[in-house]
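Here is the structure we will look at, set down as structure tokens.
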There are 2 protein chains.
Amino acid sequence: MLKRPDPFQALCPTRRVLDRIGDSWAVLILVALEDGTLRFNALRRRIENISQKMLSQTLKSLERDGLVRREVFATVPVTVEYSLTGLGRTLSQTVHQLTLWAEAHIGEVEAAQRRYDQGLAPPDGRSPAPLSLR
Amino acid sequence: MLKRPDPFQALCPTRRVLDRIGDSWAVLILVALEDGTLRFNALRRRIENISQKMLSQTLKSLERDGLVRREVFATVPVTVEYSLTGLGRTLSQTVHQLTLWAEAHIGEVEAAQRRYDQGLAPPDGRSPAPLSLR
DNA sequence: CCGTATCCTCTGAGATACTG
DNA sequence: CAGTATCTCAGAGGATACGG
């Protein structure tokens, strides 16, 4: 059978993952943990101006998804370490492809935006209104 | 110099692209246009339950980013066709990698969630509280 | 140190109605 | 057909304070 998920249907798995990627904080945490284990407050300093609430909340959902591992050590005061799971690492690598796209093409995107914000004219020369006949 | 963008800084290019991907509607539109050109209302039917407002708005920003091309034909009533640009196609292909990840790993994610929602126990056998000493 | 609880704000998406 | 213009409302997320 192997029915492929239909991304046009809300609630489809693909869509749920995509929403995760859309979660800017989640992505930043994945990236931050790529270089290794970090403690709660270390993460907090690394990801400038993330609120305590969002860090805690996002970490919890990443842990729930099996992407991040949380380890508590009974020191005083308590120590909590976060790291990527194997699954988390595969996702962060995939996300990395996206950041490569961004770095490679951001220039084109910005150029397109400038064109659009002026008189929206595509790369060719014609100045004013793009309007074809048929 | 070639300074790499710092994703931890809001407003960095990478982050802007990531936010785009997080925009569920934008991704759905890119995917919908992969198979070819579509008219406004065709897109609307294809992407079930997207509102007119969001479709129009998202298309506009995708056009601004140079990812989608908009062509107007002077028929009566007017005809408007949307298609991917070359740039848009490269992005939609990259996004496709992400959907592949989703399809490949959604099972693991859901399994992790079930474990978490019960007594949060990692894959090993120990039942109750994960807590290490040091 | 590592969080949770509470309150409060403000954006952003949906519904609806109207136009070229 | 292909949009724009308003309105409303929920809920994401920041600030703050407190607890284990």
Side-chain angles (χ1 to χ4, degrees), chain A residues 10-11 15-16 18-29 32-33 37-64 68-83 116 120 129-134, chain B residues 10-11 15-16 18-29 32-33 37-64 68-83 116 120 129-134:
Chain A
L11 303 171
R15 200 122 151 219
R16 303 220 305 283
L18 250 17
D19 285 350
R20 215 72 182 68
I21 300 311
D23 180 346
S24 201
W25 294 134
V27 171
L28 289 176
I29 290 174
L33 291 178
T37 297
L38 285 177
R39 311 237 310 257
F40 187 87
N41 281 332
L43 265 170
R44 208 177 156 195
R45 281 186 297 273
R46 185 90 199 280
I47 305 177
E48 215 164 323
N49 69 32
I50 187 175
S51 65
Q52 211 170 22
K53 178 187 175 185
M54 289 315 293
L55 180 54
S56 159
Q57 185 174 306
T58 308
L59 278 170
K60 201 181 295 182
S61 69
L62 287 172
E63 188 197 359
R64 184 175 114 98
V68 160
R69 173 173 33 248
R70 177 179 187 274
E71 289 180 289
V72 182
F73 299 96
T75 54
V76 282
V78 66
T79 300
V80 182
E81 291 187 347
Y82 292 93
S83 55
Y116 187 97
L120 48 150
L131 186 154
S132 311
L133 293 191
R134 184 170 264 178
Chain B
L11 301 171
R15 197 120 155 223
R16 302 221 305 284
L18 251 17
D19 285 350
R20 217 69 180 73
I21 300 311
D23 181 347
S24 200
W25 294 134
V27 171
L28 288 175
I29 290 174
L33 290 177
T37 297
L38 286 177
R39 312 236 310 256
F40 187 87
N41 281 331
L43 265 171
R44 205 176 157 196
R45 280 186 297 273
R46 186 89 200 279
I47 307 177
E48 215 163 321
N49 70 33
I50 187 175
S51 67
Q52 210 170 25
K53 177 188 175 185
M54 289 316 293
L55 179 56
S56 160
Q57 184 175 306
T58 308
L59 279 170
K60 201 179 295 181
S61 69
L62 287 172
E63 188 196 359
R64 184 175 113 98
V68 160
R69 175 173 32 247
R70 178 179 186 273
E71 289 180 289
V72 182
F73 299 97
T75 54
V76 279
V78 67
T79 299
V80 183
E81 290 187 349
Y82 292 93
S83 56
Y116 186 97
L120 46 148
L131 186 155
S132 311
L133 294 189
R134 182 171 269 177

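This one's a predicted model, so the numbers in the text were calculated from it and none came from an experiment.
- B:D19 places its CG atom 16 Å from the P atom of D:dA12, with the value rounded to the nearest Å.
- At least one side-chain nitrogen or oxygen of A:Y82 sits closer than 4.0 Å to the OP1 or OP2 atom of C:dG3.
- Side-chain nitrogen and oxygen atoms of A:T79 include none within less than 4.0 Å of the OP1 or OP2 phosphate oxygen of C:dC2.
- Atom CD of A:Q57 is separated from atom P of D:dA12 by 8 Å (rounded to the nearest Å).
- As a whole-Å value, the separation of B:D23 CG from C:dT11 P is 18 Å.
- Closest approach to the B:M54 side chain among D:dG14, C:dG14, D:dG3 is made by C:dG14 (side chain taken as heavy atoms from C-beta onward).
- Of the candidates D:dG13, C:dC1, D:dA2, the closest approach to any side-chain atom of B:N41 belongs to D:dA2.
- Both tests do not hold together for A:R44 against A:W25: distance to the six-membered ring centre under 6.0 Å, angle to the ring axis within 45°.
- Between the CD atom of B:E48 and the C1' atom of C:dG14 there is a distance of 16 Å, rounded to whole Å.
- Residue B:P77 places its side chain closer to D:dC1 than to any other of D:dG3, D:dC1, C:dG14.
- Across all strands, A:Q52 comes closer than 4.0 Å to base atoms (heavy-atom distances).
- One atom, CZ of A:R39, and another, C1' of C:dC2, lie 10 Å apart when rounded to the nearest Å.
- If you take CD1 on B:I29 and CG on B:L43, they are separated by 6.5 Å, rounding to the nearest 0.5 Å.
- For the pair A:L43 CG and C:dG3 P, the computed distance is 10 Å after rounding to whole Å.
- Distance CG (B:L59) to C1' (D:dC1): 14 Å, rounded to an integer number of Å.
- Between B:W25 and C:dG14 there is a side-chain polar atom (N or O) within less than 4.0 angstrom of OP1 or OP2.
- In this structure, B:K53 does not reach the C:dT16 phosphate: none of its side-chain N or O atoms is under 4.0 Å from OP1 or OP2.
- A salt bridge does not link A:R16 with A:D19: every distance from a Lys NZ or Arg NE/NH1/NH2 to an Asp or Glu carboxylate oxygen is 4.0 Å or more.
- Side-chain N/O atoms of B:R45 include none lying less than 4.0 angstrom from OP1 or OP2 on D:dA2.
- Close to D:dC1, at under 4.0 Å from its OP1 or OP2, lies no side-chain N or O of B:T75.
- Closest to the side chain of B:K60, out of D:dG3, D:dA2, D:dT4, is D:dT4.
- Ranking D:dG3, C:dC1, D:dG14 by closeness to the B:R70 side chain, first place goes to D:dG3.
- To the nearest 0.5 Å, atom OH of residue B:Y116 and atom NZ of residue A:K60 are 5.5 Å apart.
- The backbone N or O of B:M54 sits less than 3.5 Å from a side-chain atom of B:T58, completing a donor-acceptor pair.
- With rounding to whole Å, B:F40 atom CZ is found 15 Å from C:dG20 atom C1'.
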